[in-house]
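One structure is given below, encoded as structure tokens.
Numbers here are sequence positions counted from 1. Side-chain atoms are counted along with the backbone in the values below, which use heavy atoms only and exclude waters and symmetry mates. Counting convention: from 1, in listed order, for ligands and their atoms alike.
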Amino acid sequence: MSSDPRPVFAPARVVSTSPATDRIQRITLQRPPSRKAAPGTHVDVRVRTPKGEDVRSYSVVESNADGSLLTVSVMRAQASRGGSVFMHGLVEGDELACTQPLQNFELRPGAHRYVLLAGGVGITAVIEMGRVLHRLGQDYRFVYVGRSRAQMAYLDELAALHGDRLEVHADDEGSALDVEALVGGLPEQGRTEVYMCGPIRLMDAVRRSWLAHGRPVADLRYETFGSSGWFEPEAFEVEIPELGLRTVVEPDSSLLESLAAAGADMMYDCRKGECGLCEVRIGALQGRVDHRDVFLSDDEKSADATLCICVSRVAGPADGGTGRLTLTL
Ligand code: FES
């Protein structure tokens, strides 16, 4: 993945908002010109939450030529830590701060064919890729998975542009995506690249199938923010004996936030599960670690020896009870 220069926050103004579905709000921001948002770019937005100011990342679904108008779409999270509530409360004329478009999910030219795979609000990360592939006359499929058509944003626009290249899989229609058929059915000849964004279970199933079929790792590309965890967030207890600290992590709080609120001075940087700076050793565990980062390898996650406290959590034991986590510094 490539990266743009450092994020530069600038004042931005909300120029319009409208619902894309009953849980997804489309918000257009005006900020100083930079450049047109390339496919796969996102902006970082300063949001105000009950716990103070924070930063959230949102894919750019549309922009104008100089990047002064940027549209994002935000899903109201069920266990929101405040970011999506803040974004859904924005109205025309409100002011905030956001960065220029930032790239970490670049659409690479030169493949023989492409598959775009979106689950739920993950559509926001690949919708512009679809427009570009269509415009360039590339060979592509656009696979869109959701609970129901009513909850799938941009469906009409996608159908109008992509015609029969668009495949819709809606759970309530009994047409769930067969991941094995999708990956196993990809042609062996020529390079096929898959770009995906969606729930972690979907992306993990694709990744496992991809590896099982021996396909090149570099040809499977994904965006992670917006991906949920393996379990619904629930309250769990955490303690750090060396600090004499014990607290509860509520469903709407991250482990990092809860430890900071309890007085622990923890290291972190990205707070997106990417850099690994917040990785901490696990001393004892009751329950299951919900690893939500992309920093640790599969083997490291299976070992449950460490976790990234900015995004990962603990779910209670499968047979019931509250999750408990002891950290070792
Ligand atoms: S702060 Fe970067 S992975 Fe947690």
Side-chain angles (χ1 to χ4, degrees), residues 1-9 40-47 49 51-59 77 79-84 98-99 102-105 122 125 197 199-200 203-204 207 221-231 233-234 236 238-240 242-243 245 247 249-283 285 287-315 323 325-329:
M1 294 188 185
S2 71
S3 58
D4 266 8
R6 298 290 301 173
V8 178
F9 281 91
T41 49
H42 68 276
V43 289
D44 285 350
V45 179
R46 285 209 178 108
V47 298
T49 77
K51 299 185 177 87
E53 192 175 90
D54 209 342
V55 174
R56 297 286 187 276
S57 301
Y58 299 109
S59 298
S80 173
R81 293 187 288 125
S84 66
C98 76
T99 64
L102 304 168
Q103 179 65 277
N104 63 354
F105 187 41
C197 184
I200 201 163
M203 295 206 292
D204 192 67
R207 198 175 51 79
R221 303 170 69 79
Y222 51 87
E223 176 64 275
T224 54
F225 51 77
S227 63
S228 51
W230 291 91
F231 306 99
E234 58 185 75
F236 62 97
V238 59
E239 68 172 330
I240 305 180
E242 289 103 315
L243 301 180
L245 180 154
T247 189
V249 182
E250 297 292 346
D252 62 352
S253 214
S254 72
L255 184 46
L256 175 62
E257 288 167 344
S258 302
L259 290 172
D265 189 13
M266 309 302 290
M267 294 224 296
Y268 64 87
D269 182 21
C270 71
R271 291 194 291 173
K272 295 177 191 170
E274 293 172 0
C275 71
L277 198 61
C278 68
E279 180 184 3
V280 179
R281 273 180 294 151
I282 296 174
L285 171 70
R288 298 157 291 173
V289 180
D290 190 356
H291 289 284
R292 297 177 170 211
D293 65 282
V294 291
F295 176 76
L296 298 176
S297 67
D298 281 356
D299 287 348
E300 288 169 328
K301 287 177 182 172
S302 312
D304 277 345
T306 65
L307 84 172
C308 290
I309 59 172
C310 64
V311 290
S312 298
R313 326 181 41 88
V314 170
L325 176 69
T326 303
L327 297 175
T328 310
L329 296 181

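- Between T247 and S258, the closest heavy-atom pair is CG2-O, 4.1 Å.
- Between E242 and T328, some side-chain heavy-atom pair lies under the 4.5 Å cut-off.
- Residues M266 and C278 are not in side-chain contact: their nearest non-hydrogen atoms beyond the backbone lie 4.5 Å or more apart.
- Judged by the 6.0 Å and 45° rule, R46 forms a cation-pi pair with F9.
- Listing protein N, O or S atoms at distances below 2.8 Å from atom 4 (Fe) of ligand 1, with waters left out, gives C278 SG, C310 SG.
- Taking 4.0 Å as the cut-off between side-chain N and carboxylate O, K301 and D204 do not count as a salt-bridged pair.
- S84 places a side-chain N or O within 3.5 Å of a backbone atom of A77 that can act as its donor or acceptor partner.
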